[in-house]
Amino acid sequence: MERALPHAVPLGQMEVFQALQRLHMTIFSQSVSPCGKFLAAGNNYGQIAIFSLSAALSSEAKEESKKPAVTFQAHDGPVYCMVSTDRHMFSAGDGEVKAWLWAEILKKGCKELWHRQPPYRTSLEVPEINALLLIPKENALILAGGDCQLHMMDLETGSFTRALRGHTDYIHCLALRERSPEVLSGGEDGAVRLWDLRSAKEVQTIEVYKHEECSRPHNGRWIGCLATDSDWMVCGGGPALTLWHLRSSTPTTIFPMRAPQKHVTFYQDLILSAGQGPCVNQWQLSGELKAQVPGSSPGLLSLSLNQQPAAPECKVLTAAGNSCRVDVFTNLGYRAFSLSF
Amino acid sequence: MSSESSKKRKPKVIRSDGAPSEGKRSRSDTEQEGKYYSEEAEVDLRDPGRDYELYKYTCQELQRLMAEIQDLKSKGGKDVAVEIEDRRIQSCVHFMTLKKLNRLAHIRLKKGRDQTHEAKQKVDAYHLQLQNLLYEVMHLQKEITKCLEFKSKHEEIDLVSLEEFYKDAPPDISKAEVTMGDPHQQTLARLDWELEQRKRLAEKYRECLSNKEKILKEIEVKKEYLSSLQPRLNSIMQASLPVQEYLFMPFDQAHKQYETARHLPPPLYVLFVQATAYGQACDKTLSVAIEGSVDEAKALFKPPEDSQDDESDSDAEEEQTTKRRRPTLGVQLDDKRKEMLKRHPLSVMLDLKCKDDSVLHLTFYYLMNLNIMTVKAKVTTATELITPISAGDLLSPDSVLSCLYPGDHGKKTPNPANQYQFDKVGILTLRDYVLELGHPYLWVQKLGGLHFPKEQPQHTVTADHSLSSSHMETTMKLLKTRVQSRLALHKQFASLEHGIVPVTSDCQYLFPAKVVSRLVKWVTIAHDDYMELHFTKDIVEAGLAGDTNLYYMALVERGTAKLQAAVVLNPGYSSIPPIFQLCLNWKGEKTNSNDDNIRAMESEVNVCYKELCGPRPSHQLLTNQLQRLCVLLDVYLETESHDDSVEGPKEFPQEKMCLRLFRGPSRIKPFKYNHPQGFFSHR
């Protein structure tokens, strides 16, 4: 595993402090720009860095191309999730969601367009927002996190239209089932709940930990990641990574991965997952492990596939987690290089 | 024959024209001289052409007569003799004619020659005259040009300008009426005036000289007076010594020091001056002294004559020693090394007194051949210190001043030129001699005003006062904080070794009242051992674990859980925080690579250290970090979610008040302690 060695031994107080910060940095979220050439990454210090994928992937890429084009302090707390539309980027972390314009984001001193805080019940501690989900058809954004509710925000008016309650513990992840349209949410309470957007009601509940095949009590019951492909859903976390058939609510395939998974996504005919451990795992739908590609972080928290049609040359998989680095996989078989904060 | 006769006789001869056959002597009619015969005159009268014809005719006749004689002789007969006689007489006559003609020819020739000769002589005379005249002309011309070129001395004199002249000169010299018209007179007048002026100035000059002599004499007198004053002042100073001591104003002592200071080499002198100035102006706790032998210092600068004498002595000695065994190469090299590393006999000693009566003794040396300064340090405390085992290196003279400025480890010589000198005598690095010679820190060089720029190596680096003064204050402050923080650590280590984390009362608010986890062990570990640990790889790769740091291992325990903490203590503590790396042994081994919460705990202690600094000068940082570590372990163990499949109660019941147990995608525990409410939350 090749890690970038520091060019100079940190000597002074500032240098040592910066080195320590970098060592303890965690990148929680990533988002690709609408043009496909830039990647935004948010870390636990509340900073967002914009990397130029096109520069880093070009043939004249130097060491500086692997550094961010721009880094700015976006939030006071960690940036847990980010999504992008064709013009905006939304980032959320400690209790509020902020919107940024992609066209402006590369300029120095960029300020957010607006920020909103969903109406929270408690005031003692501001709950975090762990997941953002875009509903393009309704031009809405769903926020979910520490207060166990899904808040739906209308992007045109900026007001919070609905709050979906049902989880008993905080929500980790969201997924959109386009056909219905339904939203899936997975939480710390171990349940995956399906919500119908029009009626704003909970339609289906799957308590994963109650199924013996996939439960792993020593890891806990929390659901850390969700991905859905209309009829199918894959979820992981404390319990094993499992593929579910939604209508029948039955687990069809259990992927033999010991470490809890923190991010999962469907890609072509594969399932990509990452979690504790440095590797990005590629699974076949049958449950076989096709490949395990090591990255440079000891644990991964987010995967991002750049499938923007405008930049086919930047079609890469990027993985980030418990380090200051974002691994770039040009080909799913190996790690090409790493971008670094 | 003819020429002689011409000299005796006068030239006039009258001769009748056209009588060629006569050829006889005839008397000339003379007036005064007497009878003579001159053929010269005859020559003038006869025509040479006719003579030539006569000659030809005579020759013909002769030939005819001879032929006739010949005929007659051959015929024979009686008559012949008479005819032959006749003809013989005729031939004789012809012969006479021929002779005459010959004489005439000769005379003519002679005459012609004489005439030519005369003419030639005339021409020559004229020629000579011409030459003489030409020569004279040339001579005169030269004289003329000489005269024209003649520069009179008067033109070299810079005369005053005309206007000034007419203005200044008195009328009897300037004589305007005369001089205006006549430039010659004008120049003469001006020269007169010049002479007049010069005479006046010469007078003045003599006066001034005599003045000067007078003044010089006065100066001499005054000097005598002053020099007689010196011994009197000395005696006054001697008398005032007791008064000085009584009033605590040791001027004399300072004066003596300044005297000794004059023999210091330039960098030590700069240090001495700057340190004394700083001590007097800003910091009363700093005292400066000079140690060493002044005589040896003076001996370093022996005058050349002495050294010559020494040379002859040493030559004699050398001859003796060569008869004995020559010293081996190794010994020679050793001697050369010693020579290269020789210190100046004088050294400057600085004593920095800190608030708690501990003193930092710094002795500065100057290595003459290497042109660098080194320092030896010693810390003495008011009370005897019992050194705990782990605190061995804290105050050791070797490492107490290491990295006072970041990166200044003092193991390498700061002067790049020294490398070449070292190569000659086989010294690899100064590190081997540091214990004996002292450390050549960069700040020491700066205090001595020595600056070794890396980009352009200079031949001679001289001591610079401004460099020293600009670094003095910062360095002294850093030295003091360094000593104090080391002493504080010293005390803390003594307590840590006994398992007690000494938290001062003004830092108690950072921690909850009840902390169950205990510090069980606190030991030093070697640098290599630290690098070998499996959970410290990140720190090593980030370049934060160099060989100038000090390394320790702490062990915190609670129940069956054992938390190992490897600590990197940077010499720049406490401005540079200690760095902790954790490894928890409880239900398996958890480190930052496989447990996000361990990572979060490390972050709490390493990154959020500023909250733990405590009141300035933040000597409590390490102990606060250790205490926080204990608190974090408590939280970790108590908030661990209970595994339903395993039977039995939780080993650590939750006693801490927490709002939420997990937060965020990494499901971090609530490690942040809130004062004064006393509950735990997330950052």
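Just so we're clear, the structure is a prediction, and the values are computed from it rather than from any experiment. Here is the naming used below: chain letters follow the sequence lines, and residue numbers restart at 1 for every chain.
Heavy atoms closer than 4.5 Å to chain B are found in both the backbone and the side chain of A:Glu128. Contacts between A:Leu301 and chain B at a heavy-atom distance below 4.5 Å involve the side chain alone, from C-beta outward. Proximity to chain B (any heavy atom under 4.5 Å) is shown, for A:Tyr209, by neither the backbone nor the side chain. There is no contact between B:Tyr405 and chain A, counting heavy-atom distances below 4.5 Å. Using a 4.5 Å cut-off between heavy atoms, A:Thr26 contacts chain B through both its backbone and its side chain. Residue A:Gln13 touches chain B through both its backbone and its side chain, counting heavy-atom pairs closer than 4.5 Å.
B:Phe680 and B:Tyr673 have tilted rings, their planes meeting at an angle from 30° to 60° on a 0 to 90° scale. Between A:His172 and A:Tyr170, the ring-plane angle classifies as tilted under the 30° and 60° cut-offs.
For the pair A:Leu23 and B:Ala542, the tightest heavy-atom approach, listed with the atom from each and the gap, is CD1-CB, 4.1 Å. The nearest pair of heavy atoms linking B:Lys411 to B:Thr548 is NZ-CG2, 4.3 Å.
A salt bridge between A:Arg193 and A:Asp189 is present, with a side-chain N of the basic residue lying under 4.0 Å from a carboxylate O of the acidic one.
Evaluated for a side-chain contact (heavy atoms from CB on, under 4.5 Å) with A:Ile129, the options A:Asp147, A:Ile171, A:Leu143 yield exactly one hit, A:Leu143.
A:Lys98 forms no cation-pi arrangement with A:Phe90, by the criterion of a distance under 6.0 Å to the ring centre and an angle within 45° of the ring axis.
The residue among B:Glu602, B:Lys610, B:Arg660 with the most heavy atom pairs within less than 4.5 Å of chain A is B:Arg660. Per-residue counts of heavy-atom pairs under 4.5 Å with chain A were compared for B:Pro406, B:Gly572, B:Cys403; the largest is that of B:Pro406. With chain B as partner, the option from A:Met25, A:Arg22, A:His263 having the largest number of non-hydrogen pairs under 4.5 angstrom is A:Met25. Heavy-atom pairs under 4.5 Å with chain A peak, among B:Ser575, B:Pro665, B:Gly546, B:Ser603, at B:Pro665.
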